[in-house]
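Notes for the one structure printed next.
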Amino acid sequence: MLNKNYGFTFMWHNVIKDTDLKDGSIKGITIDGKPLLIIKKDNHVYALDLYCTHENTSLDEGFIENCSIVCPNHFASFDIKSGRVTAGPEGSDEKIKDLGFYQTKIEDGIIMVDF
Ligand code: FES
């Protein structure tokens with residue numbers, strides 16, 4: 001969507017209360033039909049696509065390792081700060097796509113995501 005001042009506008013969606021997501025935790029949630037993975041790490045909030053780009057495993061069953069979310073199925077991993085693939089499926093040379101990555105902000109104690 002174009003905006004004469006900034007070139008585009010954000011479409012912010014309320015997701016969850018900031019206090020409902022502890023530091024170091026991950027949560028899968030669907031907002032307005034969009035499945036999202038919300039991660040809070042070192043008091044920053046990140047939003048990515050919920051499903052692994054390999055075989056659609058829900059990444060809220062995965063775990064955080066350093067700055068990546070690791071899929072529990074074949075252990076592909078994705079950078080939580082960009083959605084980029086940091087490791088492909090274990091034992092495979094298959095190239096997989098990055099996860100979608102979305103801007104976040106906290107306003108009035110509510111985590112919001114732009115999509
Ligand atoms: S489904 Fe995620 S790595 Fe295979």
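Numbers here simply count residues along the sequence, with the first being 1. Whatever order the structure lists ligands and atoms in, that order sets their numbers, starting from 1. The structure displayed is predicted, hence computed values, not measured ones.
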Checklist entry - Going through the distances and angles, do Lys34 and Tyr102 end up as a side-chain hydrogen bond (donor to acceptor under 3.5 Å, both in side chains)? => result CA-CA 12 Å; Lys34 178 89 170 164; Tyr102 308 96; 2.9 Å; yes

Item to check | side-chain hydrogen bond (donor to acceptor under 3.5 Å, both in side chains) between Asn66 and Ser68, intermediate numbers included | outcome: CA-CA 6 Å; Asn66 300 317; Ser68 292; over 6 Å; no

Item to check | salt bridge (charged side-chain N to carboxylate O under 4.0 Å, His left out) evaluation trace for Lys105 with Asp114 | outcome: CA-CA 9 Å; Lys105 68 178 179 179; Asp114 171 44; over 6 Å; no

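Dense packing is recorded around NZ of Lys41, with more than 12 heavy atoms of other residues, nucleotides or ligands lying under 6.0 Å away.
The main-chain N or O of Gly100 is found under 3.5 Å from a side-chain atom of Asp49 such that the two form a donor-acceptor pair.
Atom numbering of ligand 1 starts at 1 in the shown order; those under 4.0 Å from a heavy atom of Cys52 are 1 (S), 2 (Fe), 3 (S). If you number the atoms of ligand 1 from 1 as listed, the ones under 4.0 Å from a heavy atom of Thr57 come out as 1 (S). Numbered from 1 in the order shown, with element, the atoms of ligand 1 that lie under 4.0 Å from a heavy atom of Ala76 read 3 (S). Ligand 1 places these atoms under 4.0 Å from at least one heavy atom of Asn73: 1 (S).
Considering just the N/O/S atoms of His54, the one nearest atom 4 (Fe) of ligand 1 carries the name ND1.
Of all heavy-atom pairs between His54 and His74, the closest is ND1-ND1, 3.1 Å.
With Glu61, His74, Glu55 as candidates, the residue nearest to atom 3 (S) of ligand 1 on a non-hydrogen basis is His74.
At a cut-off of 2.8 Å, Cys71 is not counted among the residues with an N, O or S atom near atom 4 (Fe) of ligand 1.
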